[in-house]
2 protein chains.
Amino acid sequence: MCIGDGAQARACTVRQVLDRIGGKWSIGIVVEASQGPVRFTELERRLDGISRRMLTLTLRNLERDGLLERTVYPTVPPKVEYTATPMAAELYETLVTLTNWAERHRDEIATARAEYDARESTVPAG
Amino acid sequence: MCIGDGAQARACTVRQVLDRIGGKWSIGIVVEASQGPVRFTELERRLDGISRRMLTLTLRNLERDGLLERTVYPTVPPKVEYTATPMAAELYETLVTLTNWAERHRDEIATARAEYDARESTVPAG
DNA sequence: CAGAATCCACTCGGATACTG
DNA sequence: CAGTATCCGAGTGGATTCTG
């Protein structure tokens, strides 16, 4: 997949990254786990609004892609810790450039939206 | 939204960007439109597998966010051109860092997946 | 040519209840 | 504590048909 080095090939590569971190909670989890080991319930508290189901699913996917490491302590009650791998930390570094872009153009986007919505709701009646 | 400057605030900002470009076809369209003006049917051909419906929807969203400019030539038959705005071009520049990350870790991710899948399919009956 | 409209399948994600 | 299992609604996206 993503053959050649044309424009669409690069677009394809970007898409693969987005498939990995595009989920609603992925980024938030990676960020938390980048600060150090976090436990399941701790994540549940810090990611406001996440359901148990989605937390589990997202954790599994991130673990599968090698972005998170899962450590089980065979104690009673059970204790499981999640830590971001170096690869994940590096990923978040590159996401910072995205944040910068978003902050630079925040107003521009808001304006564009407002103008678009105003245009669309106004039937150009003449 | 995205209040404060903590880790989750930055994660929130990233999410907003992803909401904008996370769609299945958004990146591909931005890439094509960055090379110069493109027409509707031209995009339909270049984005292999896209449906008319999704092309229209994605174009509208990108236009609404100010990433694409839509120019209508009142001719018969109609002619409409889409061009990436400077803001969109700048966005794609930052996405290149993502591509680099993906290429650096392509093998690492593949390996992680293979190992994970091998582990999961093997019941540790032990 | 550049769409708008309609129908449908599938996935994402939330709510809830149960368990080792 | 750290999940798993089940149900359900909403949104995403494909296929097809119709039109100025």
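The figures here come from the full heavy-atom set of this structure, side chains too, leaving out hydrogens, waters and symmetry mates. Residue numbering restarts at 1 for every chain, and letters A, B, ... go by the order of the sequence lines.
In this structure, A/Y73 reaches neither bases nor backbone, as no heavy-atom distance under 4.0 Å exists between it and the strands shown. In this structure, A/T56 reaches the bases: a heavy-atom distance under 4.0 Å links it to at least one base atom across the strands shown. Here B/R39 lies in heavy-atom contact (under 4.0 Å) with sugar-phosphate atoms only.
A/V72 is connected to A/F40 through a chain of hydrophobic side-chain contacts under 4.5 Å among Ile, Leu, Val, Met, Phe, Trp and Tyr, so both are in one cluster.
With a heavy-atom cut-off of 4.0 Å to chain A, the contacted part of DNA chain D has its first and last nucleotide at D/dC1 to D/dT6.
The shortest distance between side-chain heavy atoms of B/V96 and A/V14 does not fall below 4.5 Å. Between A/L47 and B/Q8, some side-chain heavy-atom pair lies under the 4.5 Å cut-off. Within the 4.5 Å cutoff, the side chain of B/T99 has no heavy atoms near those of the A/V17 side chain. Residues B/R60 and B/R70 have side chains in contact (heavy-atom distance under 4.5 Å, counting atoms from C-beta outward).
The residues A/D19 and A/R15 are annotated as salt-bridged, a charged nitrogen and a carboxylate oxygen being separated by less than 4.0 angstrom.
Phosphate contact (OP1/OP2 of C/dA5, side-chain N/O of B/R52, threshold under 4.0 Å): absent. For C/dC1, neither phosphate oxygen OP1 nor OP2 lies less than 4.0 angstrom from any side-chain nitrogen or oxygen of B/Y82.
Screening residues 80-116 of chain B for ring pair (Phe, Tyr, Trp, His ring centres under 6.0 Å), with sequence neighbours left out, gives B/W101-B/H105.
Between B/P77 and A/S51, it is B/P77 whose nearest contact on DNA chain C lies nearer the 5' terminus.
Between A/I21 and the choices A/D65, A/V30, A/I29, A/I27, the side-chain contact (heavy atoms from CB on, under 4.5 Å) rule is met once, by A/I27.
Between B/E44 atom CD and C/dA4 atom C1' there is a gap of 14 Å when expressed in whole angstrom units. The interatomic distance linking B/I50 (CD1) with C/dA2 (P) rounds to 14 Å, in whole Å. Atom-to-atom, CG of B/L55 to C1' of C/dA2 comes out at 9 Å; the value is rounded to the nearest Å. As a whole-Å value, the separation of A/N61 CG from C/dT11 P is 14 Å. Atom CE of A/M54 and atom P of C/dT11 are 14 Å apart (whole Å). In this structure, B/R70 atom CZ and C/dC1 atom P are separated by 16 Å, rounded to whole Å. What separates CZ of A/R53 from C1' of C/dC12 is a distance of 8 Å, to the nearest Å. Atom CD in B/E81 sits about 16 Å away from atom C1' in C/dG3, given to the nearest Å.
With the end axes of the helix from C/dC1-D/dG20 to C/dG20-D/dC1 each set by five pairs, the angle from one to the other reads 40° at 10° resolution.
Nearest nucleotide to the side chain of B/K79, out of C/dA2, C/dG20, C/dG14: C/dA2.
Other residues, nucleotides and ligands contribute at most 12 non-hydrogen atoms within 6.0 Å of the CD atom of A/E69.
In this structure, B/C2 and B/T13 approach most closely via the heavy-atom pair SG-N, 3.4 Å.
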